[in-house]
Chemist: 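Input: one structure, supplied below.
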Amino acid sequence: MNVSWLEQAVEEVKEEVVALRRDFHMHPELGTQEVRTSAIVEKYLNDLGIETVRMFNTGVVGCLDGAKPGKCLLLRADMDALPMQEENDVPYCSKTPGVMHACGHDGHTAMLLCAAKILAAHKEELTGTIKFVFQPNEEEIGAAFLVKEGVLENPRVDASFGMHLWSQVPTGYLGLAAGPVMSEMVTFDITLTGESVHSSDPSKGVDPILCAANIIQSVQMLQTRELAPMDSMSLVIGKINGGTKGNIVAGTVEMQGNMRYMFDGSDESERCPRVRFSRMVENIAAAHRVKAEIKYQVEDYVVDNDPEMVNFVKTNVAPALVGDDKIIEYRVMASEDFSEFMSHNGIPGVFMFVGVGDHEKGTDNPHHSVNFNIDEDMLPVGVKAFVKMAMEYLK
Ligand SMILES: [Zn+2]
Ligand SMILES: [Zn+2]
(Lines give C-alpha, C1' and ligand atoms only; values in the text may rest on other atoms or scores of the structure.)
(Ligands and ions follow the chains in the order given, each with its own letter.)
Protein backbone atom coordinates (compact mmCIF):
# COMPACT_ATOMS: atom_id res chain seq x y z
CA MET A 1 0.00 0.00 0.00
CA ASN A 2 1.04 3.52 -0.71
CA VAL A 3 2.10 5.10 2.56
CA SER A 4 1.78 8.66 1.35
CA TRP A 5 -1.83 7.88 0.47
CA LEU A 6 -2.45 6.80 4.05
CA GLU A 7 -0.62 9.83 5.45
CA GLN A 8 -2.82 12.06 3.34
CA ALA A 9 -6.05 10.33 4.39
CA VAL A 10 -5.17 10.56 8.09
CA GLU A 11 -4.16 14.21 7.68
CA GLU A 12 -7.65 14.90 6.32
CA VAL A 13 -9.39 13.55 9.44
CA LYS A 14 -6.92 15.06 11.93
CA GLU A 15 -9.25 17.82 13.10
CA GLU A 16 -12.36 15.68 12.90
CA VAL A 17 -11.01 12.97 15.19
CA VAL A 18 -10.22 15.59 17.86
CA ALA A 19 -13.63 17.25 17.43
CA LEU A 20 -15.43 13.92 17.75
CA ARG A 21 -13.42 12.98 20.83
CA ARG A 22 -14.16 16.32 22.49
CA ASP A 23 -17.86 15.98 21.72
CA PHE A 24 -17.96 12.52 23.32
CA HIS A 25 -15.88 13.86 26.19
CA MET A 26 -18.38 16.65 26.87
CA HIS A 27 -21.28 14.19 26.80
CA PRO A 28 -20.10 11.12 28.69
CA GLU A 29 -22.51 8.27 29.33
CA LEU A 30 -22.25 5.42 31.82
CA GLY A 31 -22.01 1.79 30.72
CA THR A 32 -25.24 0.43 29.09
CA GLN A 33 -26.57 4.02 28.91
CA GLU A 34 -24.54 5.11 25.85
CA VAL A 35 -27.72 6.30 24.09
CA ARG A 36 -26.44 9.54 22.60
CA THR A 37 -23.02 8.11 21.72
CA SER A 38 -24.42 5.04 19.99
CA ALA A 39 -26.92 7.15 18.01
CA ILE A 40 -24.03 9.30 16.73
CA VAL A 41 -21.96 6.22 15.90
CA GLU A 42 -24.87 4.54 14.11
CA LYS A 43 -25.65 7.58 11.99
CA TYR A 44 -21.98 8.15 11.17
CA LEU A 45 -21.54 4.58 9.92
CA ASN A 46 -24.85 4.58 8.04
CA ASP A 47 -23.88 7.85 6.31
CA LEU A 48 -20.71 6.09 5.12
CA GLY A 49 -22.90 3.35 3.62
CA ILE A 50 -22.02 0.86 6.36
CA GLU A 51 -25.05 -1.10 7.51
CA THR A 52 -25.31 -1.54 11.26
CA VAL A 53 -27.09 -3.70 13.79
CA ARG A 54 -27.72 -3.03 17.45
CA MET A 55 -26.43 -5.45 20.05
CA PHE A 56 -26.92 -5.34 23.80
CA ASN A 57 -29.11 -2.21 23.26
CA THR A 58 -26.45 0.47 22.92
CA GLY A 59 -23.86 -1.59 21.05
CA VAL A 60 -23.41 -0.77 17.35
CA VAL A 61 -21.86 -3.28 14.97
CA GLY A 62 -21.24 -2.49 11.31
CA CYS A 63 -19.81 -4.63 8.54
CA LEU A 64 -17.83 -3.31 5.59
CA ASP A 65 -17.34 -5.76 2.72
CA GLY A 66 -14.32 -5.43 0.48
CA ALA A 67 -14.26 -5.99 -3.28
CA LYS A 68 -13.68 -9.73 -2.85
CA PRO A 69 -14.71 -12.16 -0.11
CA GLY A 70 -12.05 -13.18 2.37
CA LYS A 71 -11.25 -13.11 6.03
CA CYS A 72 -13.14 -11.15 8.64
CA LEU A 73 -11.26 -8.71 10.88
CA LEU A 74 -12.89 -7.29 14.00
CA LEU A 75 -11.93 -3.75 15.02
CA ARG A 76 -13.25 -2.56 18.33
CA ALA A 77 -13.83 0.66 20.26
CA ASP A 78 -15.54 1.02 23.63
CA MET A 79 -17.93 3.89 24.41
CA ASP A 80 -18.61 3.98 28.15
CA ALA A 81 -17.59 6.61 30.71
CA LEU A 82 -17.21 6.41 34.50
CA PRO A 83 -19.12 7.71 37.53
CA MET A 84 -16.62 10.44 38.46
CA GLN A 85 -16.66 14.22 38.67
CA GLU A 86 -14.15 15.62 36.19
CA GLU A 87 -11.63 18.06 37.66
CA ASN A 88 -9.82 19.00 34.46
CA ASP A 89 -9.87 22.65 33.52
CA VAL A 90 -10.37 22.30 29.77
CA PRO A 91 -12.92 23.89 27.41
CA TYR A 92 -14.29 20.46 26.53
CA CYS A 93 -14.87 19.39 30.14
CA SER A 94 -17.73 16.97 30.90
CA LYS A 95 -21.11 18.68 30.91
CA THR A 96 -22.69 15.85 32.88
CA PRO A 97 -22.16 16.15 36.64
CA GLY A 98 -20.67 13.00 38.15
CA VAL A 99 -19.89 11.34 34.82
CA MET A 100 -16.55 11.52 33.05
CA HIS A 101 -14.56 9.87 30.29
CA ALA A 102 -11.68 8.97 32.59
CA CYS A 103 -10.38 5.96 30.67
CA GLY A 104 -10.00 7.34 27.14
CA HIS A 105 -12.91 5.48 25.55
CA ASP A 106 -14.07 8.78 24.01
CA GLY A 107 -10.82 8.73 22.03
CA HIS A 108 -11.26 5.09 21.01
CA THR A 109 -14.73 5.75 19.58
CA ALA A 110 -13.53 8.84 17.70
CA MET A 111 -10.53 6.96 16.26
CA LEU A 112 -12.55 4.02 15.00
CA LEU A 113 -15.18 6.27 13.40
CA CYS A 114 -12.52 8.16 11.44
CA ALA A 115 -10.85 4.88 10.50
CA ALA A 116 -14.21 3.61 9.21
CA LYS A 117 -14.50 6.74 7.09
CA ILE A 118 -11.12 6.14 5.45
CA LEU A 119 -11.70 2.41 5.02
CA ALA A 120 -15.17 2.90 3.51
CA ALA A 121 -13.61 5.13 0.86
CA HIS A 122 -11.07 2.41 0.06
CA LYS A 123 -13.17 -0.73 0.35
CA GLU A 124 -12.41 -1.71 -3.25
CA GLU A 125 -8.84 -2.44 -2.13
CA LEU A 126 -9.97 -4.88 0.57
CA THR A 127 -10.34 -8.64 0.33
CA GLY A 128 -12.69 -9.70 3.10
CA THR A 129 -14.82 -7.99 5.69
CA ILE A 130 -14.22 -5.52 8.49
CA LYS A 131 -16.49 -5.82 11.48
CA PHE A 132 -16.61 -2.50 13.34
CA VAL A 133 -17.64 -3.08 16.94
CA PHE A 134 -18.64 -0.10 19.10
CA GLN A 135 -19.08 -1.67 22.45
CA PRO A 136 -21.06 -0.61 25.52
CA ASN A 137 -19.98 -0.99 29.12
CA GLU A 138 -16.36 -2.14 28.83
CA GLU A 139 -15.88 -1.38 32.51
CA GLU A 140 -18.35 -4.17 33.39
CA ILE A 141 -17.68 -6.88 30.78
CA GLY A 142 -20.08 -5.55 28.15
CA ALA A 143 -18.14 -7.56 25.56
CA ALA A 144 -19.41 -10.85 27.01
CA PHE A 145 -22.98 -9.80 26.22
CA LEU A 146 -22.08 -8.96 22.61
CA VAL A 147 -20.46 -12.38 22.28
CA LYS A 148 -23.63 -14.01 23.64
CA GLU A 149 -25.64 -12.07 21.05
CA GLY A 150 -23.41 -13.42 18.28
CA VAL A 151 -20.96 -10.63 17.51
CA LEU A 152 -18.28 -13.18 16.57
CA GLU A 153 -20.55 -14.92 13.99
CA ASN A 154 -22.06 -14.05 10.60
CA PRO A 155 -19.45 -13.70 9.35
CA ARG A 156 -17.23 -15.61 11.75
CA VAL A 157 -14.39 -13.37 12.99
CA ASP A 158 -10.91 -14.63 11.94
CA ALA A 159 -8.87 -12.10 13.87
CA SER A 160 -9.36 -9.08 16.09
CA PHE A 161 -7.50 -5.89 16.80
CA GLY A 162 -8.05 -3.40 19.60
CA MET A 163 -6.19 -0.56 21.24
CA HIS A 164 -6.17 1.39 24.46
CA LEU A 165 -4.91 4.95 24.69
CA TRP A 166 -2.67 4.61 27.71
CA SER A 167 -1.47 7.42 29.99
CA GLN A 168 1.16 5.22 31.66
CA VAL A 169 3.03 4.76 28.37
CA PRO A 170 4.89 7.89 27.19
CA THR A 171 3.25 9.70 24.33
CA GLY A 172 4.62 8.70 20.94
CA TYR A 173 5.27 5.13 22.06
CA LEU A 174 3.38 1.92 21.39
CA GLY A 175 3.13 -0.89 23.92
CA LEU A 176 3.07 -4.23 22.16
CA ALA A 177 3.88 -7.69 23.48
CA ALA A 178 3.13 -11.33 22.72
CA GLY A 179 1.32 -13.45 25.30
CA PRO A 180 -0.61 -12.17 28.31
CA VAL A 181 -0.64 -8.36 28.44
CA MET A 182 -3.60 -7.67 30.74
CA SER A 183 -4.73 -9.68 33.71
CA GLU A 184 -7.57 -12.00 34.47
CA MET A 185 -9.60 -10.49 37.27
CA VAL A 186 -11.71 -12.42 39.76
CA THR A 187 -13.72 -10.72 42.46
CA PHE A 188 -14.72 -12.58 45.60
CA ASP A 189 -17.19 -12.23 48.46
CA ILE A 190 -16.41 -14.10 51.67
CA THR A 191 -18.95 -14.57 54.46
CA LEU A 192 -17.59 -15.87 57.75
CA THR A 193 -20.20 -17.05 60.21
CA GLY A 194 -19.36 -17.50 63.90
CA GLU A 195 -21.42 -17.22 67.05
CA SER A 196 -22.03 -14.06 69.06
CA VAL A 197 -21.35 -14.10 72.75
CA HIS A 198 -20.40 -11.75 75.63
CA SER A 199 -16.81 -10.57 75.23
CA SER A 200 -15.96 -11.64 78.81
CA ASP A 201 -15.74 -15.31 77.69
CA PRO A 202 -15.09 -15.65 73.92
CA SER A 203 -14.66 -19.41 74.32
CA LYS A 204 -18.44 -19.73 74.65
CA GLY A 205 -18.85 -18.42 71.08
CA VAL A 206 -17.01 -18.51 67.76
CA ASP A 207 -15.14 -15.36 66.69
CA PRO A 208 -15.16 -14.66 62.93
CA ILE A 209 -13.15 -11.42 63.32
CA LEU A 210 -10.05 -13.20 64.62
CA CYS A 211 -10.58 -15.72 61.82
CA ALA A 212 -10.82 -12.90 59.25
CA ALA A 213 -7.56 -11.40 60.55
CA ASN A 214 -5.82 -14.73 59.96
CA ILE A 215 -7.31 -15.11 56.49
CA ILE A 216 -6.34 -11.59 55.44
CA GLN A 217 -2.71 -12.20 56.38
CA SER A 218 -2.45 -15.77 55.15
CA VAL A 219 -3.93 -15.40 51.67
CA GLN A 220 -1.03 -13.11 50.77
CA MET A 221 1.02 -16.33 50.69
CA LEU A 222 -0.78 -17.17 47.47
CA GLN A 223 1.64 -14.81 45.72
CA THR A 224 4.80 -15.91 47.51
CA ARG A 225 4.27 -19.62 48.26
CA GLU A 226 1.62 -20.93 45.90
CA LEU A 227 2.50 -19.30 42.57
CA ALA A 228 5.82 -19.49 40.79
CA PRO A 229 7.88 -16.33 41.26
CA MET A 230 7.39 -15.32 37.60
CA ASP A 231 3.59 -15.73 37.77
CA SER A 232 2.50 -12.26 38.76
CA MET A 233 -0.52 -11.67 40.92
CA SER A 234 -2.14 -8.95 42.93
CA LEU A 235 -4.57 -9.79 45.70
CA VAL A 236 -6.48 -7.15 47.64
CA ILE A 237 -9.24 -7.33 50.21
CA GLY A 238 -10.77 -3.90 49.82
CA LYS A 239 -13.80 -4.12 52.08
CA ILE A 240 -14.48 -5.72 55.44
CA ASN A 241 -17.52 -5.47 57.62
CA GLY A 242 -18.48 -7.34 60.79
CA GLY A 243 -19.71 -7.17 64.35
CA THR A 244 -22.14 -4.90 66.15
CA LYS A 245 -20.51 -3.64 69.33
CA GLY A 246 -17.13 -3.63 71.07
CA ASN A 247 -18.17 -5.90 73.91
CA ILE A 248 -19.82 -8.59 71.78
CA VAL A 249 -17.98 -11.31 69.86
CA ALA A 250 -19.15 -10.77 66.28
CA GLY A 251 -21.63 -13.10 64.61
CA THR A 252 -20.52 -12.58 61.02
CA VAL A 253 -17.84 -10.92 58.94
CA GLU A 254 -18.16 -10.07 55.27
CA MET A 255 -15.16 -9.34 53.08
CA GLN A 256 -14.85 -8.32 49.44
CA GLY A 257 -11.77 -8.25 47.29
CA ASN A 258 -10.24 -9.23 44.01
CA MET A 259 -7.26 -11.01 42.56
CA ARG A 260 -5.59 -10.42 39.23
CA TYR A 261 -3.07 -12.62 37.51
CA MET A 262 -1.36 -12.95 34.14
CA PHE A 263 -2.42 -16.41 33.07
CA ASP A 264 -5.52 -18.38 32.21
CA GLY A 265 -7.06 -19.43 35.51
CA SER A 266 -10.24 -20.85 34.06
CA ASP A 267 -9.28 -24.52 34.14
CA GLU A 268 -10.20 -25.04 37.84
CA SER A 269 -7.26 -27.38 38.33
CA GLU A 270 -5.04 -27.14 41.40
CA ARG A 271 -3.11 -24.43 39.54
CA CYS A 272 -6.21 -22.22 39.45
CA PRO A 273 -5.85 -19.31 41.92
CA ARG A 274 -9.51 -19.65 42.94
CA VAL A 275 -8.99 -23.28 43.93
CA ARG A 276 -5.90 -22.43 45.96
CA PHE A 277 -7.61 -19.44 47.56
CA SER A 278 -10.63 -21.54 48.58
CA ARG A 279 -8.42 -24.21 50.11
CA MET A 280 -6.64 -21.63 52.26
CA VAL A 281 -9.75 -19.74 53.35
CA GLU A 282 -11.78 -22.86 54.12
CA ASN A 283 -9.05 -24.53 56.12
CA ILE A 284 -8.20 -21.42 58.13
CA ALA A 285 -11.91 -21.00 58.87
CA ALA A 286 -12.15 -24.65 59.94
CA ALA A 287 -9.29 -24.12 62.39
CA HIS A 288 -11.36 -21.34 63.95
CA ARG A 289 -14.62 -23.35 63.91
CA VAL A 290 -15.98 -20.66 61.60
CA LYS A 291 -18.20 -21.40 58.61
CA ALA A 292 -16.84 -19.85 55.41
CA GLU A 293 -18.76 -19.18 52.23
CA ILE A 294 -16.94 -17.85 49.16
CA LYS A 295 -18.52 -16.55 45.97
CA TYR A 296 -16.42 -15.77 42.91
CA GLN A 297 -17.09 -13.75 39.82
CA VAL A 298 -14.63 -13.85 36.92
CA GLU A 299 -14.84 -10.23 35.70
CA ASP A 300 -12.33 -10.32 32.87
CA TYR A 301 -10.22 -13.02 31.29
CA VAL A 302 -6.55 -12.61 30.53
CA VAL A 303 -5.82 -10.63 27.37
CA ASP A 304 -3.47 -13.06 25.67
CA ASN A 305 -1.94 -11.63 22.51
CA ASP A 306 -1.42 -14.14 19.73
CA PRO A 307 2.35 -14.28 18.99
CA GLU A 308 1.89 -14.56 15.20
CA MET A 309 -0.53 -11.65 15.14
CA VAL A 310 1.82 -9.56 17.26
CA ASN A 311 4.55 -10.34 14.77
CA PHE A 312 2.21 -9.31 11.95
CA VAL A 313 1.49 -5.98 13.64
CA LYS A 314 5.17 -5.40 14.45
CA THR A 315 6.18 -6.10 10.85
CA ASN A 316 3.33 -4.63 8.82
CA VAL A 317 1.53 -2.05 10.93
CA ALA A 318 3.62 -0.52 13.72
CA PRO A 319 6.50 0.78 11.55
CA ALA A 320 4.03 3.08 9.77
CA LEU A 321 2.96 4.52 13.11
CA VAL A 322 6.07 5.28 15.17
CA GLY A 323 9.81 4.74 14.92
CA ASP A 324 11.22 1.27 15.68
CA ASP A 325 12.79 2.56 18.91
CA LYS A 326 9.35 3.63 20.14
CA ILE A 327 7.77 0.19 20.16
CA ILE A 328 8.11 -1.19 23.67
CA GLU A 329 7.15 -4.43 25.40
CA TYR A 330 4.33 -3.49 27.73
CA ARG A 331 2.08 -5.42 30.09
CA VAL A 332 -0.17 -4.15 32.84
CA MET A 333 -2.08 -5.77 35.72
CA ALA A 334 -5.29 -3.93 34.79
CA SER A 335 -8.04 -5.86 33.01
CA GLU A 336 -9.94 -5.49 29.75
CA ASP A 337 -12.92 -7.32 28.34
CA PHE A 338 -11.28 -7.31 24.88
CA SER A 339 -10.23 -10.83 25.87
CA GLU A 340 -13.80 -11.83 24.91
CA PHE A 341 -13.11 -10.89 21.28
CA MET A 342 -9.87 -12.86 21.16
CA SER A 343 -8.04 -15.31 23.44
CA HIS A 344 -11.00 -16.25 25.63
CA ASN A 345 -13.00 -17.30 22.58
CA GLY A 346 -10.18 -18.82 20.57
CA ILE A 347 -9.68 -15.97 18.11
CA PRO A 348 -6.15 -14.76 17.40
CA GLY A 349 -5.98 -11.13 18.32
CA VAL A 350 -3.81 -8.24 19.36
CA PHE A 351 -4.42 -5.60 21.96
CA MET A 352 -2.03 -2.69 21.71
CA PHE A 353 -1.34 0.27 24.01
CA VAL A 354 -1.02 3.69 22.43
CA GLY A 355 1.04 5.93 24.69
CA VAL A 356 -0.55 9.30 25.51
CA GLY A 357 1.36 10.16 28.70
CA ASP A 358 2.99 13.58 28.59
CA HIS A 359 3.78 15.32 31.87
CA GLU A 360 4.03 18.79 30.28
CA LYS A 361 0.59 18.39 28.75
CA GLY A 362 -0.84 16.96 31.97
CA THR A 363 -1.79 13.68 30.29
CA ASP A 364 0.16 11.26 32.46
CA ASN A 365 -2.38 10.97 35.29
CA PRO A 366 -3.61 7.43 35.97
CA HIS A 367 -6.69 6.03 34.28
CA HIS A 368 -9.87 6.39 36.36
CA SER A 369 -8.58 9.54 38.06
CA VAL A 370 -10.54 12.83 38.13
CA ASN A 371 -7.80 14.61 36.17
CA PHE A 372 -7.20 11.91 33.58
CA ASN A 373 -6.67 13.24 30.08
CA ILE A 374 -5.05 12.13 26.84
CA ASP A 375 -2.55 13.64 24.44
CA GLU A 376 -4.85 14.28 21.48
CA ASP A 377 -1.84 14.34 19.13
CA MET A 378 -1.92 10.54 19.32
CA LEU A 379 -5.51 10.25 18.04
CA PRO A 380 -4.45 10.35 14.36
CA VAL A 381 -1.90 7.63 15.15
CA GLY A 382 -4.73 5.47 16.45
CA VAL A 383 -6.78 6.14 13.31
CA LYS A 384 -3.83 5.17 11.18
CA ALA A 385 -3.28 1.99 13.22
CA PHE A 386 -6.85 0.80 12.63
CA VAL A 387 -6.68 1.61 8.88
CA LYS A 388 -3.23 0.13 8.34
CA MET A 389 -4.16 -3.03 10.24
CA ALA A 390 -7.26 -3.56 8.09
CA MET A 391 -5.50 -2.76 4.80
CA GLU A 392 -2.63 -5.12 5.56
CA TYR A 393 -4.67 -7.96 7.05
CA LEU A 394 -7.27 -7.90 4.27
CA LYS A 395 -4.82 -7.42 1.41
ZN1 LIG B 1 -11.20 1.84 32.47
ZN1 LIG C 1 -10.55 1.43 29.38
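As the structure lists them, so they are numbered: ligands from 1, and atoms in each ligand from 1. Everything numeric here is computed off the predicted structure, so don't read it as measured data.
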Chemist: Would His367 count as a contact for the Zn ion (ligand 2), in the sense that one of its N, O or S atoms lies under 2.8 Å from it?
Modeler: no
Chemist: Report the atom name of the nearest N/O/S atom of Glu139 relative to the Zn ion (ligand 1).
Modeler: OE2
Chemist: Got a second to check how far Gln135's CD is from Glu34's CD, nearest 0.5 Å?
Modeler: 8.5 Å
Chemist: Check all N, O or S atoms of His105 and name the one closest to the Zn ion (ligand 2).
Modeler: NE2
Chemist: With clusters defined by side-chain heavy atoms of hydrophobic residues (ILVMFWY) lying less than 4.5 Å apart, directly or transitively, does Leu82 cluster with Val99?
Modeler: no
Chemist: Measuring to the Zn ion (ligand 2), does Cys103 have an N/O/S atom at a distance below 2.8 Å?
Modeler: yes
Chemist: Is the backbone N or O of Gly357 less than 3.5 Å from a side-chain atom of Asp375, with the two atoms forming a donor-acceptor pair by type?
Modeler: no
Chemist: Should the ring pair Phe277 and Phe188 be called parallel, tilted or perpendicular, given that the plane angle runs from 0 to 90° and is split at 30 and 60?
Modeler: tilted
